[in-house]
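Structure, as structure tokens:
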Amino acid sequence: MPDVRELTPDDLNDAWQLGRLAFGSDPQPPPPPAATGRTAYGAFDPTGQLVGKAVDLHDEQWWTGHRVPAADIAGVAVAPEARGTGVARALLTTLLRNARDRGAAISTLFPTTAAPYRACGWEITGQLRTLDLPTATLPRHRTDPRLTVRTGTTTDLPATTELYRRVAHHRNGLLTRTHSRFTATDNLPYDGLTVVEHDGHLVGYAGWDRGRGYGPDAVLTVEDILATTAEAARALVGVLASWYSVTPTLRLTPLPGDTISTHLPLEQAREHERHAWMHRPVDIARAVAARGWPTHTRGQVTFALTDDLADWNTGTWHLTVADGHADLRRSTTDADLHLTVRGFARLYAGTATARTLAETGLLHHSTPDPSNLDLLAAGPTAHLIDYF
């Protein structure tokens, strides 16, 4: 087995070279990453050569009004000669153990291939979809006279951060965006920022990149767009529609079911890009206790869980949910429901029911009806709109 340890500054060039070869990135090295808010791990063969790497981003995610500490994973790469030898598994085992020690509850990643991560307990729980829309098809509404639509500046960034929090905090899975990679900027992170205000308060914004040219291939890319009222959404969509003569295509990553999506002609959309994302618990008891739960949901269920990578999750557990909170404790009672860690991930993210999991083999049960375990799936389906 490889030796896995945290990377030191002396390892960074080798780690960058390994990532460059794995992902085909620019041959010029970027500036050194910030030392805070991340832990980089390396796997070394017996000769001391770096053969694998992975980064734990010390993120937080919103889950029904609560911040849940996460070990979001990026930059996993294994040297071609070492693939299939257990390097990735060793990296992820160490990463999960150390993430648990620092307080992480859950983990999310974007895979280039799902199979090795499924073997380690992650499961696909969503898709991050970037869409292309014909700009000319966007509706152009008359702006509500109570609204002010103007060009934004860096002084508006704190207000956009607060508006994002208002939109995101009651949902599941979205990053809190408190990590330094979101906050450490003195400049606009886009070419342009359009803001919409009502009585001096921000109610919508769109950050966009103009791209190049003005011919049939020109694209206006919206990096971030959110609104808290229908009127603000209509105003922002109207501004984007005004680009139709010079950027025939509008590219954006909408938050499913939000205010902006409600005002887009999504039937005209073509998929530009799709990234599956995967989820797993780091510590299941912590993952259950840290998040919020629907206040109307009440119940209890006992189940057994197996987690080969994080053995502290393996055992029999009793779940109780009431009054917006939940508790998961070890139990000595025999369980009729036997859940895999991948099945737990799908229930927690709200992307499956117990009956569905039984059909897929991620849940085994000796009772006629396993649906008591749907208690673990209470709440809205999880989404991500930030790639990492």
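We number each residue from 1, following the sequence as shown. None of the values given here were measured: they were computed from a predicted structure.
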request  = Classify the angle between the aromatic ring planes of Phe303 and Phe344 as parallel (below 30°), tilted (30 to 60°) or perpendicular (above 60°).
outcome  =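 Tilted: the ring planes of Phe303 and Phe344 meet at 30° to 60°.
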ask   = Going by the angle between their ring planes, with limits at 30° and 60°, are Tyr387 and Phe110 parallel, tilted or perpendicular?
value =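 The arrangement is tilted - the two ring planes meet at 30° to 60°.
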Can we say [X] and [Y] salt-bridge, meaning some charged N sits less than 4.0 Å from an Asp/Glu carboxylate O?
{"X": "Arg346", "Y": "Glu123", "result": "no"}
{"X": "Asp56", "Y": "Arg102", "result": "yes"}
{"X": "Asp307", "Y": "Arg280", "result": "yes"}
{"X": "Asp209", "Y": "Arg251", "result": "no"}
{"X": "Asp11", "Y": "Arg5", "result": "yes"}

request  = Please report the C-alpha distance between Tyr164 and Val167 in whole Å, then the side-chain angles of each, then the deciding distance to 0.1 Å, and finally whether the side-chain contact (heavy atoms from CB on, under 4.5 Å) criterion is met.
outcome  = CA-CA 5 Å; Tyr164 172 83; Val167 170; 5.7 Å; no
Point-to-point distance, once rounded to the nearest 0.5 Å, from [atom1] of [X] to [atom2] of [Y]:
{"X": "Leu138", "Y": "His263", "atom1": "CG", "atom2": "NE2", "result": "12.0 Å"}
{"X": "Asn187", "Y": "Thr153", "atom1": "CG", "atom2": "OG1", "result": "11.5 Å"}
{"X": "Met278", "Y": "Arg342", "atom1": "CE", "atom2": "CZ", "result": "7.0 Å"}
{"X": "Leu347", "Y": "His279", "atom1": "CG", "atom2": "NE2", "result": "10.5 Å"}

Flag, side chain of [X] to backbone of [Y], donor-acceptor distance under 3.5 Å:
{"X": "Arg329", "Y": "Thr320", "answer": "no"}
{"X": "Ser261", "Y": "Leu255", "answer": "yes"}
{"X": "Arg210", "Y": "Gly213", "answer": "yes"}
{"X": "Thr135", "Y": "Thr247", "answer": "yes"}
{"X": "Ser25", "Y": "Leu21", "answer": "no"}
{"X": "Arg171", "Y": "Trp62", "answer": "no"}
{"X": "Lys53", "Y": "Gly19", "answer": "no"}
{"X": "Asp283", "Y": "Ala104", "answer": "no"}

request  = Carefully, step by step, assess Leu157 and Leu188 under the rule side-chain contact (heavy atoms from CB on, under 4.5 Å).
outcome  = CA-CA 8 Å; Leu157 293 179; Leu188 282 180; 3.9 Å; yes
Quick check on the hydrophobic clustering: are [X] and [Y] connected, directly or via other members, by side-chain heavy-atom contacts under 4.5 Å?
{"X": "Leu264", "Y": "Val149", "result": "yes"}
{"X": "Val76", "Y": "Leu96", "result": "yes"}
{"X": "Trp63", "Y": "Leu375", "result": "yes"}
{"X": "Val239", "Y": "Leu131", "result": "yes"}
{"X": "Tyr117", "Y": "Val78", "result": "yes"}

Give a yes or no on whether [X] atom [atom1] has more than 12 heavy-atom contacts from other residues, nucleotides or ligands under 6.0 Å away.
{"X": "Phe388", "atom1": "CZ", "result": "yes"}
{"X": "Arg330", "atom1": "CZ", "result": "yes"}
{"X": "Arg165", "atom1": "CZ", "result": "yes"}

task = Take Leu240 and Ile225 through the side-chain contact (heavy atoms from CB on, under 4.5 Å) test and state the conclusion after the steps.
result = CA-CA 11 Å; Leu240 297 176; Ile225 180 168; 3.8 Å; yes
task = With sequence neighbours excluded, give me every ring-ring contact (aromatic ring centres under 6.0 Å, His included) pair touching residues 186-214.
result =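 Every pair satisfying ring-ring contact (aromatic ring centres under 6.0 Å, His included) with a residue in residues 186-214: Trp208-Trp243.
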query = Can you tell which of Leu236, Thr259, Thr228 makes a side chain to side chain contact (heavy atoms under 4.5 Å, CB included) with Val203?
reply =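 Checked Leu236, Thr259, Thr228 against Val203; only one passes side chain to side chain contact (heavy atoms under 4.5 Å, CB included): Thr228.
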Distance alone, cut at 3.5 Å: any donor-acceptor contact between the side chains of [X] and [Y]?
{"X": "His58", "Y": "Thr39", "result": "yes"}
{"X": "Asp374", "Y": "Thr353", "result": "no"}
{"X": "Asn98", "Y": "Tyr41", "result": "yes"}
{"X": "Thr381", "Y": "Asn172", "result": "no"}

Looking at every heavy atom in both [X] and [Y], which two are closest together, and how far apart are they?
{"X": "Gly343", "Y": "Leu357", "value": "O-CD1, 3.5 Å"}
{"X": "Gly121", "Y": "Val341", "value": "CA-CG1, 3.5 Å"}
{"X": "Ala105", "Y": "Val68", "value": "CB-CG1, 3.8 Å"}
{"X": "Cys120", "Y": "Leu92", "value": "SG-CD1, 4.1 Å"}

task = In sequence, state the C-alpha distance, the side-chain angles, and the governing distance for Arg181 and Arg38, and then conclude on side-chain contact (heavy atoms from CB on, under 4.5 Å).
result = CA-CA 10 Å; Arg181 67 185 188 278; Arg38 68 198 303 273; over 6 Å; no
inquiry  = Does Arg291 qualify as a cation-pi partner of Tyr348, given the criterion of NZ or CZ under 6.0 Å from the six-membered ring centre and within 45 degrees of its axis?
reply    =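 Yes, a cation-pi geometry.
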key: Any residue meeting salt bridge (charged side-chain N to carboxylate O under 4.0 Å, His left out) with Arg355, in chain and number order, not counting sequence neighbours   =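 Counting only residues at least two positions away or on another chain, Arg355 forms a salt bridge (charged side-chain N to carboxylate O under 4.0 Å, His left out) with Asp369.
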